[in-house]
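Below, each value reflects all heavy atoms present in this structure, side chains not excepted, and no hydrogens, waters or symmetry copies. Remember, it's a predicted structure, so these values are computed and weren't measured experimentally. Note on naming: letters A, B, ... go to the chains in the order of the sequence lines (proteins, then strands), and numbering restarts at 1 for each one.
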Amino acid sequence: MLALCKVGNRREAEVFRWGLIPAWMKEVPKSGGFINARAETLASKVSFRDAFRSRRCLIIADGFYEWQKVEGKRKQPWFFCLSSGEPFAFAGLYESWKPPQGEPVNTCAIITTQANEIVAPVHDRMPVILPPDVYDSWLDPANRDIRKLTDLLRPYPASEMASRAEFPILRII
DNA sequence: CCAGACGTTGTT
DNA sequence: GTCTGG
DNA sequence: CCAGACGTTGTT
DNA sequence: GTCTGG
């Protein structure tokens, strides 16, 4: 997946493998890494703390799915997007993981938070979407204010979002 | 204090 | 009843 | 999470 | 490598 990060003074777009692998891991975990990190516990979790301190990124998307448990049926997917239809940015973390041998692998995870009112009927968690005015402070590795960074990780306003039930068969683009 | 975990709930 | 240690 | 502690260094 | 659970 493609994500924006800040290297030196420049914003860069880089390809990351979805599934963050902490630097100290010796081999690729069975799960393939951590695809989600909880906003509430980020700062204290060994696996995310370093990335949260200095390797934050933005993951561009135009929507996301949440899957609703429906009694006796397969899970029902719902599609969520901005009512403006504009693309947006998930708050993400990345790591450059060094395998025992071979080239480093860029890995990333998205951050989740409590669901807002539009997502809550479907699922209790949702990805953190950041508004454009905080992109700079989120991306800046020199930003050491963990408290303020944590405060950015809120559920996006439901009033600016739209949703629709999606049929799995039809969703292939 | 040391052994063992270290993360979330995605995918169909 | 509540805290602590394993 | 549940079992087991729940207290301090006084006195002879 | 560092934290947690026993």
- Query: What integer distance in Å separates A:F48:CZ from B:dG7:C1'?
  - Reply: 5 Å

- Query: What closest approach, in Å, do A:C5 and A:F16 show between heavy atoms, and which atom pair accounts for it?
  - Reply: SG-CZ, 4.2 Å

- Message: Distance check, P atoms only: E:dC3 and D:dC6, in whole angstrom units.
- Response: 29 Å

- Do any side-chain nitrogens or oxygens of A:R49 fall under 4.0 Å of OP1 or OP2 in E:dC3? yes

- Task: Between B:dC2 and C:dG6, how far apart are the C1' atoms? Round to whole Å, please.
- Result: 13 Å

- Inter-residue atom distance A:S47.OG - A:M25.CE, 0.5 Å rounding: 5.5 Å

- Query: How close or far is atom P of B:dG7 from atom CD1 of A:I111, stated in whole angstroms?
  - Reply: 14 Å

- Message: Looking at E:dG1, which nucleotide sits across from it as a Watson-Crick or G-U wobble partner, both distances under 3.5 angstrom, or is there none?
- Response: B:dC6

- Query: Ring-on-base stacking between A:W24 and E:dG1, under 5.5 Å between centres and under 30° between planes: is it there?
  - Reply: yes

- For A:I111 and A:F90, run side-chain contact (heavy atoms from CB on, under 4.5 Å): C-alpha distance rounded to whole Å, both residues' side-chain angles, the deciding distance at 0.1 Å, then the answer. CA-CA 7 Å; A:I111 298 172; A:F90 291 133; over 6 Å; no

- Could you give the CD-to-C1' distance, from A:Q76 to B:dT11, as a whole number of Å? 16 Å

- Distance check: side-chain N/O of A:R125 vs OP1/OP2 of B:dT8, anything under 4.0 Å? no

- Task: State whether A:W67 places a side-chain N or O below 4.0 Å from either non-bridging phosphate oxygen (OP1 or OP2) of B:dT12.
- Result: no

- Item | Nucleotide B:dG4, atom P - distance to NZ of A:K26 in whole Å | 15 Å

- Item | Selection from B:dG10, B:dT9, B:dC6 that lies nearest to any side-chain heavy atom of A:I35 | B:dG10

- Message: Please tell me whether A:F88 and A:Y156 form a close aromatic pair, meaning their ring centres lie under 6.0 Å apart.
- Response: no

- Task: Write down the distance separating the P atoms in E:dG1 and B:dT8, rounded off to the nearest Å.
- Result: 23 Å

- Verify the contact: side-chain N or O of A:S44 to OP1 or OP2 of E:dT2, cut-off strictly under 4.0 Å; return yes or no. no

- Item | Rounded interatomic separation in angstrom, taking CD from A:Q68 and P from B:dT9 | 17 Å

- N/O (side chain, A:T112) to phosphate O (OP1/OP2, B:dT8) under 4.0 Å: no

- Note on the structure: In whole angstroms, the gap separating C1' of E:dG1 from NZ of A:K98 amounts to 14 Å

- Message: Between A:K148 and A:D151, does the salt bridge (charged side-chain N to carboxylate O under 4.0 Å, His left out) criterion hold? Intermediate values first, please.
- Response: CA-CA 5 Å; A:K148 278 186 193 156; A:D151 285 345; over 6 Å; no

- Task: Assign each of A:W18 and A:F34 to its nearest nucleotide of DNA chain B by heavy atoms, then name whichever residue's nucleotide is nearer the 5' end.
- Result: A:F34

- Task: Would you mind reading off the distance between A:R17 atom CZ and B:dG10 atom P, rounded to a whole angstrom?
- Result: 18 Å

- Item | Euclidean distance, atom CH2 of residue A:W78 to atom C1' of B:dT12 [Å, nearest integer] | 19 Å

